[in-house]
There are 2 protein chains.
Amino acid sequence: MDQRQALAAFGALSQETRLHIIRMLVVSGPDGMAAGSIAEKAEVSPSNVSFHLKELERSGLIAQQRESRSIIYTANYEALGGLIRFLMEDCCGGNAEICAPAAAVAACCAPATKEELQ
Amino acid sequence: MDQRQALAAFGALSQETRLHIIRMLVVSGPDGMAAGSIAEKAEVSPSNVSFHLKELERSGLIAQQRESRSIIYTANYEALGGLIRFLMEDCCGGNAEICAPAAAVAACCAPATKEELQ
DNA sequence: TCAACGATTCAAGGATTATTGAAATATGGA
DNA sequence: TCCATATTTCAATAATCCTTGAATCGTTGA
């Protein structure tokens, strides 16, 4: 993830509706959610959700694929991981004082990485 | 860090000049930088840097303190760590697939946390 | 083919954010 | 006190972003 992408991603996440959408899509996993379901759960109009989904897609944080009449949106896990990484490495310069609390979180939410630490 | 703060922080980081400023302040550490030096290094006008510094302060990512004629700005490490944490926990739901790469980064940039893993 | 469904696009308006230069404020030294 | 320095504030403008509702597009089933 380069700076251009990071700027776009930060902009995408700086809006309440979009942050809400991202959360829902992360939870729904690879199955994703149809635009209509997203609109319903987020309690916004179809055209409004479409606007925000386009914005999120432009930033690379989500992807879409048509399935029959519906358009299914899924979170881009790689991009989200890349953004966290950007924030730690590029933005915060890998500063231990900043990254330490984050590392603690990472340790408990991603046990698979314990092996990577050896 | 609650959602309100996170939204403000993402907004603050979504602007090129402000991202640049945060990077410089993280590097300069507790000593911080005077507004004038920031303006000079970032190559923006005094009034423009003042606008962006106010925005960054409003988001809680930096703090200011007057020192004689200068006003010194410093990065708020706690807030930056909190933002990374928010991104991992609240936004990405602690999803292992997303947090794993970040954990790897954390492991190498913040060796002090290895103890916390035991 | 036609109607219905799921979704996007478009245009208009309002709201927020960014930039600029001039004026104002605060501090310290002559 | 007066001047220079460091910075902010203000007003005006430009640019971007958000919301809304109507119109449009693609897909499916009757």
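Scanning residues 22-44 of chain B for heavy-atom distances under 4.0 Å to DNA chain C yields an empty list.
For A/Gly29 against A/Tyr77, the heavy-atom pair with the smallest separation is CA-OH, 3.4 Å. Across all non-hydrogen atoms, the minimal contact from B/Pro30 to B/Thr74 is O-CG2, 3.4 Å. Looking at every heavy atom in both residues, A/Ala35 comes nearest to A/Val49 through O-CG1, 4.0 Å.
Taking CD1 of A/Ile21 as the reference point, atom CG of A/Leu61 lies at 11.5 Å (rounded to 0.5 Å). Taking OG of A/Ser28 as the reference point, atom CD1 of A/Ile38 lies at 7.5 Å (rounded to 0.5 Å).
The side chain of B/Tyr73 contributes no N or O atom lying less than 4.0 Å from OP1 or OP2 of D/dA6.
Contacts between chain B and DNA chain C, taken as any atom within less than 4.0 angstrom of a protein heavy atom, begin and end at C/dA18 to C/dG28.
Follow the hydrophobic side-chain contacts under 4.5 Å out from A/Leu56 and you reach A/Phe86 in the same cluster. A/Ile72 and A/Leu25 fall into different hydrophobic clusters, defined by Ile, Leu, Val, Met, Phe, Trp and Tyr side-chain heavy atoms under 4.5 Å apart, directly or through other members.
Taking atom CD1 of B/Ile72 as the reference point, atom P of D/dA6 lies 11 Å away to the nearest angstrom.
The salt bridge (Lys or Arg N to Asp or Glu O under 4.0 Å) test applied to B/Arg85 returns B/Glu89, not counting sequence neighbours.
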Contact letters for nucleotides 16-28 of chain D, in which S counts primed atoms plus P, OP1 and OP2 and B counts the base, heavy atoms under 4.0 Å: --BBBBB---BBB
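Each end of the helix from C/dT1-D/dA30 to C/dA12-D/dT19 yields a helix axis from five base pairs, and these two axes differ in direction by 20° (to the nearest 10 degrees).
For residues 46-67 of chain B, the pairs satisfying salt bridge (Lys or Arg N to Asp or Glu O under 4.0 Å) are B/Glu55-B/Arg58, with sequence neighbours left out.
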